[in-house]
A.B. asks: 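A single structure is presented below for examination.
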Amino acid sequence: QLQKDLEEVKELLTKVTRKRLRDVLMTEKHKLELEIKNQPLPKPKDVVEEEKSSLGGYTVKINNYGWDQSDKFIKIYISLSGVQKLPAENVQVNFTERSFDLLVKNLNGKNYTMTFNNLLKPISVEGSSKKIKTDTVLVMCRKKREEKWECLTQVEKESKEKEKAAYDTSDPSEGLMNLLKKMYAEGDDEMKRTINKAWVESREKQSKGDIPMDI
């Protein structure tokens, strides 16, 4: 497209006679030539095909994992059948101080990715690594400080704190009400029926003034 624009500008230059117009076109010509020069060279077809084949079919986002910790490391276990048969360069992990991302290329015709952002605490990029075991990738995040992590990410921590705050109230009945609402929202039909029944019975007893001591 840029080459076509350049050819058109050159053609116009052969036709214009007014200096001002010629100067404008010359400026545009230099600009286009510079853009074309700075464009990355197109990759040969065989290189493109090779890259496609190395990336396999399509990419799957990994959501399931297990984790554990020691004084020095956070360990994330990702189960991937047959991963130990891949060349080492097909399993890549990039670390930053508060994140890491995993890419497994061309495992049974698929690519697998996993990204962890906003880790709860900083990790050492140089001290972190990966290990390939039978059907498992183990990501080892080296803690900057040897301390216990209550969860993996800042988002998880905030979520837990919000949940705790919802039930941690000075009014016990309000805390119970929040708990019942949560159970009702997350429960199955049977749970909903049970809560509804208990609620109706409780309201009836309240209206009669017959309130048991444990409510």
Side-chain angles (χ1 to χ4, degrees), residues 55-84 86 88-108 110-192 194-196 198-199:
L55 279 174
Y58 59 95
T59 299
V60 179
K61 194 173 179 182
I62 302 167
N63 293 311
N64 295 325
Y65 62 91
W67 75 286
D68 192 7
Q69 62 181 309
S70 63
D71 290 341
K72 294 181 180 178
F73 287 95
I74 290 289
K75 305 169 190 176
I76 295 100
Y77 298 87
I78 300 113
S79 295
L80 288 169
S81 182
V83 71
Q84 73 278 8
L86 287 176
E89 62 270 17
N90 279 34
V91 181
Q92 300 167 4
V93 184
N94 294 311
F95 296 95
T96 73
E97 194 175 67
R98 293 296 287 268
S99 74
F100 73 84
D101 60 84
L102 165 72
L103 170 63
V104 179
K105 293 195 287 185
N106 205 8
L107 176 61
N108 303 322
K110 298 175 190 173
N111 309 307
Y112 293 85
T113 64
M114 176 184 231
T115 301
F116 264 96
N117 292 316
N118 299 315
L119 289 170
L120 185 65
K121 297 175 190 291
I123 60 172
S124 162
V125 174
E126 300 79 20
S128 299
S129 60
K130 69 173 190 295
K131 288 183 181 176
I132 311 300
K133 298 175 176 285
T134 305
D135 299 333
T136 303
V137 178
L138 170 57
V139 179
M140 306 273 290
C141 299
R142 176 70 187 248
K143 297 175 179 177
K144 275 211 166 177
R145 293 176 60 186
E146 294 185 15
E147 57 186 326
K148 186 177 170 62
W149 289 23
E150 59 200 270
C151 49
L152 272 180
T153 64
Q154 191 65 35
V155 174
E156 279 180 66
K157 185 185 178 187
E158 287 169 9
S159 175
K160 282 183 180 178
E161 284 173 353
K162 279 181 189 171
E163 201 168 296
K164 187 183 173 189
Y167 308 130
D168 186 14
T169 160
S170 56
D171 182 351
S173 63
E174 194 178 322
L176 178 63
M177 186 62 63
N178 285 333
L179 181 61
L180 283 170
K181 281 179 185 173
K182 181 177 167 63
M183 286 169 66
Y184 188 86
E186 295 177 359
D188 56 16
D189 290 343
E190 186 62 36
M191 175 69 79
K192 287 184 167 80
T194 304
I195 292 172
N196 274 331
W199 177 256

A.B. asks: Report the residues that fulfil side chain to side chain donor-acceptor pair (under 3.5 Å) with Thr136, sequence neighbours left out, ordered by chain and then residue number.
C.D. replies: none
A.B. asks: For Ile62 versus Asn64, what's the shortest heavy-atom pair and its separation?
C.D. replies: CG2-O, 3.5 Å
A.B. asks: Quick one: pull up CG in Asn106 and CG in Asn90 and give me the separation to the nearest 0.5 Å.
C.D. replies: 6.5 Å
A.B. asks: Trp67 versus Phe116: any side-chain heavy-atom pair under 4.5 Å?
C.D. replies: no
A.B. asks: Do Asp135 side-chain atoms and Ser79 backbone N/O form a donor-acceptor pair below 3.5 Å?
C.D. replies: no
A.B. asks: Counting only pairs under 3.5 Å, give me each side-chain donor-acceptor contact of residues 127-134, with atom names and distances, residues two or more places apart or in other chains.
C.D. replies:
from	atom 1	to	atom 2	distance (Å)
Ser128	OG	Ser124	O	2.7
Ser128	OG	Arg142	N	3.0
Lys130	NZ	Val91	O	3.3

A.B. asks: If a pair satisfies salt bridge (Lys or Arg N to Asp or Glu O under 4.0 Å) and one of its residues is in residues 64-79, list it, with sequence neighbours excluded.
C.D. replies: none
A.B. asks: Distance check, rounded to the nearest 0.5 Å: Trp149 atom CH2 versus Ile74 atom CD1?
C.D. replies: 5.0 Å
A.B. asks: To the nearest 0.5 Å, what is the distance between CE (Met140) and OH (Tyr77)?
C.D. replies: 7.5 Å
A.B. asks: Working to the nearest 0.5 Å, report the span between CD1 of Ile78 and CG of Leu138.
C.D. replies: 8.0 Å
A.B. asks: Going by atom type alone, with no hydrogens or angles, which donor-acceptor pairs under 3.5 Å involve a side-chain atom of residues 93-101 and a protein atom two or more places apart or on another chain?
C.D. replies:
from	atom 1	to	atom 2	distance (Å)
Thr96	OG1	Arg98	N	3.4
Thr96	OG1	Ser99	N	3.1
Thr96	OG1	Ser99	OG	2.6
Glu97	OE2	Lys144	NZ	2.6
Arg98	NE	Leu119	O	2.7
Arg98	NH2	Leu119	O	2.8
Arg98	NH2	Leu120	O	3.1

A.B. asks: What pairs of residues pass the ring-ring contact (aromatic ring centres under 6.0 Å, His included) test when at least one of them lies in residues 122-145, not counting sequence neighbours?
C.D. replies: none
A.B. asks: Taking the side chain as every heavy atom from C-beta outward, state whether Lys121 and Glu147 have any atom pair closer than 4.5 Å.
C.D. replies: yes
A.B. asks: Side chain to side chain donor-acceptor pair (under 3.5 Å) with Gln69: which residues, sequence neighbours excluded?
C.D. replies: Lys143
